[in-house]
Structures are given as structure tokens and as C-alpha cells.
Amino acid sequence: GIVRPLRGPKGGFKLSKSPDKITLLEIYEIFDGKLEVSQCLLGSRICGGEHCFLGNLLDHANFQVKKYLEETPVSKVSSLGNFMEEKKKD
């Protein structure tokens, strides 16, 4: 797993590896399972599954989302949170 327990009065959980080595995709898949790409935004395919009126938009969007999650470490997101907190203080 990505966390390990710490026993004792000041116990809790600690990351089992560096936040630089944990991707957002790993976190996503822990909670929601394997990321499945969506082929259709509609409940049923009005196009019959042959020629989507959105063209390749969904393929491109799915690819970009998965790529972002695969390439973004948790450390980048947590430092973004720190940046946002600093902006609120200004």
C-alpha cells in the first residue's frame, strides 16, 4: 500500500514512499478501482457506436486526463495547495 500505520500515542499513518513517487492515478485507483475510459457521455449511443457527433473529443479528453493523473505526483498537488493558501493571505 501507499500508507503504513504508526503505533503508539502519537501514531497514525505515514506514506510508505515519497510523495514524489506516488501518482494521482494511484490514489484514484485505490478509491475507485482501475480508471476506465468513457466512450460515451450519453446513457445510450444515439450514433449507434459508429460515428460520434463529438468526433475524437472523448478519446482526446480521456487520454489527457489519464496522462495527467499518471504523470502528476501527490507532492505537486500538495504544493499547489500551499500556494493557494499563501494567495488567500495576500
Side-chain angles (χ1 to χ4, degrees):
I2 64 166
V3 294
R4 60 185 168 115
L6 299 173
R7 294 180 175 236
K10 294 187 180 190
F13 293 92
K14 183 176 182 176
L15 292 175
S16 60
K17 54 186 177 179
S18 167
D20 293 330
K21 304 287 185 206
I22 302 169
T23 67
L24 293 180
L25 184 61
E26 288 178 81
I27 302 296
Y28 174 90
E29 290 184 343
I30 287 170
F31 292 100
D32 282 345
K34 185 168 172 46
L35 179 64
E36 299 291 333
V37 295
S38 174
Q39 297 299 322
C40 186
L41 294 176
L42 306 173
S44 62
R45 294 175 180 229
I46 60 172
C47 64
E50 302 222 358
H51 300 288
C52 178
F53 70 94
L54 295 174
N56 291 330
L57 176 65
L58 291 179
D59 289 334
H60 292 296
N62 286 327
F63 174 78
Q64 291 296 319
V65 167
K66 186 169 184 182
K67 182 178 177 183
Y68 178 81
L69 294 175
E70 285 175 334
E71 295 177 355
T72 305
V74 171
S75 60
K76 183 175 181 183
V77 175
S78 64
S79 59
L80 176 62
N82 293 337
F83 172 75
M84 296 304 286
E85 288 298 318
E86 290 298 317
K87 290 304 247 179
K88 286 181 187 177
K89 292 177 186 176
D90 291 342

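T72 approaches V77 most closely through the heavy-atom pair CG2-CG2, 4.1 Å. The minimum heavy-atom distance between P19 and P73, with the atom names listed, is O-CB, 3.6 Å.
The CD1 atom of I27 sits 7.5 Å away from the CG atom of L24 when rounded to the nearest 0.5 Å. Atom NZ in K66 sits 10.5 Å away from atom OH in Y28 (nearest 0.5 Å).
Applying the side chain to side chain donor-acceptor pair (under 3.5 Å) criterion to D20, with sequence neighbours excluded, gives S75.
Using a distance-only test at 3.5 Å, with no hydrogens or angles considered, a donor-acceptor pair links the side chain of E29 to the main chain of L35.
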Table please: side-chain donor-acceptor pairs of residues 3-17 below 3.5 Å, with sequence neighbours left out.
residue: S16; atom: OG; partner: G1; partner atom: O; Å: 2.8
residue: S16; atom: OG; partner: I2; partner atom: O; Å: 3.1
residue: K17; atom: NZ; partner: E26; partner atom: OE1; Å: 3.2

Please report the C-alpha distance between E70 and L25 in whole Å, then the side-chain angles of each, then the deciding distance to 0.1 Å, and finally whether the side chain to side chain contact (heavy atoms under 4.5 Å, CB included) criterion is met. CA-CA 5 Å; E70 285 175 334; L25 184 61; 3.4 Å; yes
